[in-house]
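Below: the structure, in C-alpha cells.
For this chain, numbers begin at 1 and follow the sequence in order.
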Amino acid sequence: MEEKEKKKKNKNSTSNKKQKHQHPNDQTAKTSSDFSFKPCSDVKGLRFGGQFIVKSFTIRRARPLEIFQLLCFPPNSTANNNNHKSNNHNNNNNKKLPFPSTVAFLPTNFTILAHHAWHTLTLGLGTKKSKVLLFVFESEAMRAAVDRLWPPEIPLGEVNKRLIRGLTGSEMARFKFRKGCITFYVYAVRRVGSLGFSCADDLRTILQSVVALKDFLDHTAMLALPNQRSISFATTPPVAMAH
C-alpha cells in the first residue's frame with residue numbers, strides 16, 4: 001500500500017511539473033498560444049506611474065529599416081537584405097523589407113530632449129524612461145489596413161485609447177521588456193476568432209532580438225540611430241516572456 005501511495009505522489013508531482021512547464025507566462029511557452037491573446041479592451045496598455053507629464057511626449061512611426069537597426073540585427077543580416085533589395089529594384093520592394101507585418105513607434109526628437117530636460121528640472125526625480133512600441137500583425141494586409149488609420153505621430157497619452165483600444169475586432173498578446181532607460185512594448189495583433197498566429201516566426205525573432213539587447217544607458221542614443229553605442233546583438237538570445 002505504501003509503495004502504491006508513493007507512486008501516486010510521484011505521478012502527481014510529475015504532472016504538476018508538466019503543468020507548470022506549460023504555463024502561458026513560462027519562458028518556454030509558445031508566443032502564439034491562444035491563452036496569450038486577449039481582447040483589445042482587456043490587454044494591458046502603456047504604464048505611466050506618477051509621471052503625468054510624460055503622456056504629452058510624442059512617439060513617431062519608424063521607417064522599416066529603422067526597425068531593423070533598432071533591434072540591432074547582425075551586420076550580415078543587414079548586408080544580405082540590402083543586396084537582395086539592390087538586385088530586385090521593382091514594385092515588390094516592400095516585400096523585401098524586414099518584418100513587413102510590423103509597425104514600430106519610436107520616441108521623437110522632442111520626446112528624447114524633453115525627457116532629458118524634465119529629469120534635469122526635477123533634480124533627478126523625473127523619469128528617464130522612454131517607450132518603444134512594436135505591433136506585429138498576423139498579416140501584411142492587416143498591417144496595411146491599420147497603417148492607413150494610425151497617425152504618423154501620436155502623444156504617449158493617446159496610445160492606449162487610439163492604437164490599442166481602438167483596434168475593434170482584434171485581440172492582442174502583450175510583451176514588455178525594460179532595457180535600461182527604454183521600455184519596449186511588443187504587441188502581437190490578430191483578428192478575433194483566429195487560431196494561432198501566422199507571423200509567429202517574425203514575432204519570435206523580434207522578441208528574441210529585444211531580449212538580446214543590452215540596456216540603453218542614455219535614451220539620447222536614440223538620436224544616433226543606427227549607431228547606438230549602448231546596445232549590441234547577442235548570438236544566443238533567450239526566449240521572451242509574455243505578460
- When rounded to the nearest 0.5 angstrom, what is the spacing between CG in Leu71 and CZ in Phe184? 7.0 Å
- CA sep, side-chain torsions, deciding dist, call: Ser170, Met142, side chain to side chain contact (heavy atoms under 4.5 Å, CB included): CA-CA 10 Å; Ser170 303; Met142 187 178 185; 3.4 Å; yes
- Message: Between Met172 and Leu167, does the side chain to side chain contact (heavy atoms under 4.5 Å, CB included) criterion hold? Intermediate values first, please.
- Response: CA-CA 10 Å; Met172 298 182 176; Leu167 282 181; 3.4 Å; yes
- Message: Going by the rule side chain to side chain donor-acceptor pair (under 3.5 Å), which residues pair with Arg61 if we only count those two or more places apart in sequence or in a different chain?
- Response: Asp147
- Partner residues of Asp42 under the salt bridge (Lys or Arg N to Asp or Glu O under 4.0 Å) criterion, sequence neighbours left out: none
- Can you name the side-chain contact (heavy atoms from CB on, under 4.5 Å) partners of Ala114, sequence neighbours left out? Phe57, Phe110
- Listed by chain and number, what are the salt bridge (Lys or Arg N to Asp or Glu O under 4.0 Å) partners of Arg191, not counting sequence neighbours? none
In residues 159-166, what donor-acceptor pairs under 3.5 Å come from side-chain atoms, sequence neighbours left out?
residue : atom : partner : partner atom : Å
Asn160  : OD1  : Leu46   : N            : 2.7
Asn160  : ND2  : Leu46   : O            : 3.3
Arg162  : NH1  : Glu158  : OE1          : 3.1
Arg165  : NH1  : Cys40   : O            : 2.7
Arg165  : NH1  : Val43   : O            : 2.7
Arg165  : NH2  : Val43   : O            : 3.2

- Can a cation-pi geometry be assigned to Lys131 and Phe48, taking NZ or CZ under 6.0 Å from the six-membered ring centre and within 45° of the ring axis? yes
- Partner residues of Glu138 under the salt bridge (Lys or Arg N to Asp or Glu O under 4.0 Å) criterion, sequence neighbours left out: none
- Residues two or more places apart in sequence or in another chain: which of them pass ring-ring contact (aromatic ring centres under 6.0 Å, His included) with Tyr187? Phe135
- Message: Can you tell me which residue among Thr111, Leu106, Ile154 is in a side chain to side chain contact (heavy atoms under 4.5 Å, CB included) with Arg60?
- Response: Leu106
- Message: Working to the nearest 0.5 angstrom, can you tell me the gap between Ser101 OG and Ile206 CD1?
- Response: 7.0 Å
- Mind checking what makes side-chain contact (heavy atoms from CB on, under 4.5 Å) contact with Ser56, not counting sequence neighbours? Ile53
